[in-house]
Amino acid sequence: RSSDLEDQMAWVKSYYDLLNGLHGYVKDHHLKKVSWNASGSIATASKSAAAPPPGPPPPGPPPPVLPPTDAPAPAQKPDMSGLFASINRGGNVTSALKHVNKDQMTHKNPALRATSVVKAAEKPSAAAKTTAAAAKPVKKNPVFELINKKWTIEYQENKGGADQLVVNVTSKAQSVYIYRCVGSTVVIKGRVNNVTLDQCKKCAVVVDRCISGLDLINSQSIQAQVMEYVPIVNVDKTDGCQVYLSKECIAAEIVTAKSSEMNIMVPQDDGDFTEIPLPEQFRSKWDGKTMVTEPSEITA
């Protein structure tokens, strides 16, 4: 940032001025020169003596700092002679300091510390919390209608018992799509092409005959019953479902993915049903050619 760069340049310039002032002070007060002894021998008599090797050259000055193009004009060099003059005063440097009494010391005066407490940040008001809270989802109007060849049932709640929803299918090309329903029962009469339950909770669906298949997707606590025939039942991302099969569709395929608590109700000769749980955990093993997957014994 430009402000950080300006602070660094000012510090370097002040340090550079300090060194220059120190150099001038030493030159004026502590400069050592070669002194000649007036009563000594002639300088030419010591020519034969070996001269000592010269000392190392003094270090050069630090490289100058190039200011940016938009930097302000350099300030006038401060006079450092007053600073060094005050340093040379020795023990008299502290003579101008003010004496502090014990009653003025915060570590010895509890009353003085009480006046220096920093207040904590104020807590947000209740109105601010209400504004920040997430808005509740908007309740949408329920839908139950036939659009072209698709029965659309959406946002139905607590439609069970005498209020259950009945779909009278008039063409085998029609399909039924049930979306975001809660606590409702849908009865589908006639031959339908496909039935889908998507994001439903505690719902039940009863279908006479399904040509393509029955799909249970992203749902919870679902019951489905097939009165006549369905070739395949797909269960995807569903937690808790019971599928009642008829004797005619007992050989239907059950395809599951990312689901749990799945039970298939198989009819018996006495009209009762046998509950068969579907495995949720699998075990894979290499047989030398490929991976062989089978249900885990714990959940099978």
Side-chain angles (χ1 to χ4, degrees), residues 129-246 249 252-265 273 275-280:
K129 292 183 179 180
T130 305
T131 305
K136 294 183 179 179
V138 179
K139 187 176 180 179
K140 297 185 179 181
N141 296 327
V143 177
F144 184 18
E145 61 180 346
L146 175 62
I147 303 176
N148 295 329
K149 297 180 180 180
K150 181 179 180 181
W151 283 94
T152 302
I153 304 174
E154 298 179 349
Y155 307 108
Q156 301 287 343
E157 294 185 3
N158 302 322
K159 297 295 183 179
D163 296 332
Q164 65 184 9
L165 304 174
V166 180
V167 179
N168 294 308
V169 180
T170 58
S171 173
K172 63 180 181 180
Q174 295 178 358
S175 62
V176 178
Y177 181 71
I178 307 171
Y179 178 71
R180 283 189 177 274
C181 294
V182 179
S184 300
T185 301
V186 180
V187 179
I188 304 172
K189 296 184 178 181
R191 180 183 294 184
V192 66
N193 183 30
N194 175 263
V195 178
T196 301
L197 272 80
D198 188 5
Q199 301 185 40
C200 296
K201 294 181 180 180
K202 299 180 180 180
C203 290
V205 59
V206 181
V207 56
D208 287 346
R209 178 176 291 270
C210 189
I211 299 174
S212 178
L214 173 62
D215 300 326
L216 309 178
I217 305 171
N218 293 324
S219 299
Q220 298 176 2
S221 302
I222 300 299
Q223 290 184 346
Q225 183 173 5
V226 181
M227 304 303 295
E228 296 180 8
Y229 177 77
V230 64
I232 186 172
V233 178
N234 295 307
V235 183
D236 187 13
K237 299 179 182 178
T238 297
D239 298 326
C241 70
Q242 278 189 331
V243 179
Y244 291 81
L245 300 178
S246 65
C249 66
E253 295 183 1
I254 311 296
V255 181
T256 63
K258 299 181 180 180
S259 300
S260 62
E261 302 178 16
M262 300 169 291
N263 297 301
I264 305 300
M265 310 300 291
F273 288 87
E275 183 178 3
I276 307 297
L278 296 183
E280 304 174 16

Side-chain donor or acceptor of [X] paired with backbone N/O of [Y] under 3.5 Å:
{"X": "Asn193", "Y": "Lys172", "value": "no"}
{"X": "Ser219", "Y": "Cys200", "value": "yes"}
{"X": "Ser221", "Y": "Lys202", "value": "no"}
{"X": "Ser259", "Y": "Thr238", "value": "yes"}

Can you tell me if Thr196 and Asn194 form a side-chain donor-acceptor pair at under 3.5 Å? yes
Can you see whether Glu275 engages Asn263 through a side-chain donor-acceptor pair at a distance of less than 3.5 angstrom? yes
Please report the shortest heavy-atom distance between [X] and [Y], naming the atom on each side.
{"X": "Ser212", "Y": "Pro231", "answer": "O-CG, 3.1 Å"}
{"X": "Asp239", "Y": "Ser260", "answer": "OD1-OG, 2.9 Å"}
{"X": "Pro279", "Y": "Met262", "answer": "O-CE, 4.0 Å"}
{"X": "Cys181", "Y": "Cys203", "answer": "O-SG, 3.2 Å"}
{"X": "Val166", "Y": "Phe144", "answer": "O-CZ, 3.5 Å"}
{"X": "Tyr177", "Y": "Asp198", "answer": "OH-OD2, 2.9 Å"}

For residues [X] and [Y], determine if any side-chain heavy atom of one lies less than 4.5 Å from a side-chain heavy atom of the other.
{"X": "Asp208", "Y": "Arg191", "answer": "no"}
{"X": "Leu278", "Y": "Ile264", "answer": "yes"}
{"X": "Val187", "Y": "Val167", "answer": "no"}
{"X": "Arg180", "Y": "Gln199", "answer": "yes"}
{"X": "Leu165", "Y": "Gln156", "answer": "yes"}
{"X": "Ile153", "Y": "Val143", "answer": "no"}
{"X": "Val192", "Y": "Ile211", "answer": "no"}
{"X": "Glu157", "Y": "Lys139", "answer": "yes"}

Walk me through it: do Val195 and Asp215 pass the test side chain to side chain contact (heavy atoms under 4.5 Å, CB included)? CA-CA 6 Å; Val195 178; Asp215 300 326; over 6 Å; no
About how many Å separate [atom2] of [Y] and [atom1] of [X], when rounded to the nearest 0.5 Å?
{"X": "Leu146", "Y": "Thr170", "atom1": "CG", "atom2": "OG1", "answer": "7.0 Å"}
{"X": "Thr256", "Y": "Glu280", "atom1": "OG1", "atom2": "CD", "answer": "9.0 Å"}
{"X": "Gln242", "Y": "Gln223", "atom1": "CD", "atom2": "CD", "answer": "5.0 Å"}
{"X": "Thr185", "Y": "Asn158", "atom1": "OG1", "atom2": "CG", "answer": "10.5 Å"}
{"X": "Lys150", "Y": "Glu145", "atom1": "NZ", "atom2": "CD", "answer": "11.0 Å"}
{"X": "Cys210", "Y": "Ile188", "atom1": "SG", "atom2": "CD1", "answer": "7.5 Å"}

Would you indicate whether Glu253, at its atom CD, is surrounded by more than 12 heavy atoms from other residues, nucleotides or ligands within a distance under 6.0 Å? no
So with a 6.0 Å cut-off around CE of Met265, is the heavy-atom count from everything else above 12? yes
Apply side chain to side chain contact (heavy atoms under 4.5 Å, CB included) to residues Leu216 and Asn234 and explain how you reach the verdict. CA-CA 6 Å; Leu216 309 178; Asn234 295 307; over 6 Å; no
